[in-house]
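Just follow the structure's listing: the first ligand is 1, and inside any ligand the first atom is 1. Since we're looking at a predicted model, the values are computed, not measured. Along the sequence shown, residues carry numbers from 1.
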Amino acid sequence: MKLITNRVYGTEDILPADSYKWQFLEDIMRKQAQSYGFREIRTPVFEHTELFDRSVGDTTDIVQKEMYTFTTKGGDNISLKPEGTAGAARAMLEHGVYNEGYPIKAYYLTACYRYEKKNYGRQREFHQFGMEVYGAASAFADAEVICAANSIFDRLGVQNIRLEINSIGCPECRPKYTAALKEYFGAHEAELCDTCRSRLGRNPMRILDCKSPICSQIARNAPQVLDFLCNDCSKHFDEVKSCLDAVKLRYRVNPAIVRGLDYYTRTVFEFVDTEIGTICGGGRYDGLIEEIGGQHTPSLGFGMGMERLLLLLKEQKIEIPEPPVCDLYVLGIGEQAKLKAFNIVEGVRNASLIAEGDIVGRSVKAQMKYADKIKAHFSMVIGDSELEQNSAKLRNMNGGKETVVPLDEGFFNAFFAAYVEDNNSELLEQLDSMK
Ligand code: ATP
Ligand code: MG
């Protein structure tokens, strides 16, 4: 067989055998978001390009090099979302969600698109879980969002993930810092990479984020933002640290964190793994809402990479529980019996249990093998004689115990009784092993 085409470079398929891992993570994320009082927001996969130009920032790598941008047949300039914050903020403003009163707390699970070189933990289509808070200026909001991200790692049993925090100031103190950076990097202009040389005039803070060895070497001795913070920013940063101390969440202040997006102000943070790199990044973006046309609204949030989180779990050998298996497999032999089997399978499914029967025309032997393969808990064979006697043998596949059950309305009661007994004995065994 020759496929007409393969998947696009930098994209991955999530196959049926693996999707339970994603669902497990998503369930934990939804639950944690809920316990912090967040509700889900879903926004389109593409937006008008100008939204990202204005919010993410037109001097960032994301906007300059990584966006999937195209003109539609109608002439609109559209981009696939490279991150989740801009769309969520746009929707919040467009629908006047702020009329519900602040704070607004929203979370999202979304695909993101960046035209990047494929690498370990780096794809062109990837997925983010993110949380956003609008209308909250207090340091408790920063701490709450950091704690919410941390709670996901905690729930998953992740070890040794480093929380690094920094403050990158506000429009009050940033210009002084930017001027100091310009002076410092200006003295090294000839050594900087081409991209950084162009950043020098427009956004020298970006140079601190450059991954080229020479630029990062030079950046090591650059002036540090914390020395330039105004009193308000300094006080805010101290308060954030006090909140984190109050819940004994350990962090390291890393003045090198500036984040790759323009909209950040004050607090920025990352959860970092030594092997994989940044799993989660976020911070405060008090100027973003104004930038895209709203009123001044102190806001903040983070984005967590799902693919990198899965890599982290694999690296740390954290097992994700496998999904529930088939409760009952019913085999029908003969036309009438097959219809009866189909009827019983549907009835069991209506009770929210998992049941299967043959849909591919397998032989009896092959069906038995299949029931084994899908690890069905119970199986039952219905043939002519079972139909005649109006009863069949329900077989517990773990241990082989057989129970005769009626095939009329009484079947369901008899099956559920066997099901409960089986589950109880599993529970008792588990309790026994815990003693
Ligand atoms: P990096 O420095 O690794 O490029 P970033 O600063 O560009 O990351 P953010 O924009 O802050 O990343 O996105 C938040 C998270 O999304 C990252 O910490 C990472 O887990 C994930 N992420 C970002 N880009 C990619 C990508 N191309 N492939 C997979 N995950 C990604
Ligand atoms: Mg990046």
Handout entry: Option of least heavy-atom distance to atom 18 (O) of ligand 1 (set: T278, V272, N119)
Key =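 That would be T278.
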Practice task
Pick whichever of E83, R114, E116 has a heavy atom sitting closest to atom 27 (N) of ligand 1.
Solution key: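 Of the listed residues, E116 has the closest heavy atom.
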Using a heavy-atom cut-off of under 4.0 Å, does the side chain or the backbone of [X] touch ligand 1, or both, or neither?
X    : result
C280 : backbone
H127 : neither
Q128 : side chain

Look at the aromatic rings of [X] and [Y] and report parallel, tilted or perpendicular, splitting at 30° and 60°.
X    : Y    : answer
F271 : F153 : tilted
F129 : Y107 : tilted
Y115 : Y68  : perpendicular

Handout entry: Nitrogen or oxygen atoms of I62 and ligand 1 under 3.5 Å apart
Key = no
Exercise for the section: Using distance alone, decide if ligand 1 has a nitrogen or oxygen within less than 3.5 Å of any nitrogen or oxygen in R122. Expected result: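 By distance alone, the answer is yes.
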Taking atom types as modelled, find out whether [X] and [Y] have a side-chain donor-acceptor pair closer than 3.5 angstrom.
X    : Y    : answer
E356 : Y370 : yes
Y329 : Q367 : yes
Y251 : D245 : yes

Practice task
Using non-hydrogen atoms of the residue, decide whether Q123 is closer than 4.0 angstrom to ligand 1.
Solution key: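 Heavy atoms of Q123 do come under 4.0 Å of ligand 1.
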Practice task
Consider ligand 1: state whether an atom of it lies below 4.0 angstrom from any non-hydrogen atom of E270.
Solution key: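 Contact absent.
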Using a strict 4.0 Å cut-off to heavy atoms of [X], name the atoms of ligand 1 that fall inside it.
X    : result
K211 : 1 (P), 2 (O), 4 (O)
G303 : 14 (C), 15 (C)
I279 : 18 (O), 20 (O)

Practice task
Given side chain to side chain donor-acceptor pair (under 3.5 Å), test D142 with T267 step by step and report yes or no.
Solution key: CA-CA 7 Å; D142 306 52; T267 318; 2.6 Å; yes
Handout entry: Aromatic F378 / basic R395 pairing, under 6.0 angstrom, 45° off normal
Key =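 Output no; distance or angle outside limits.
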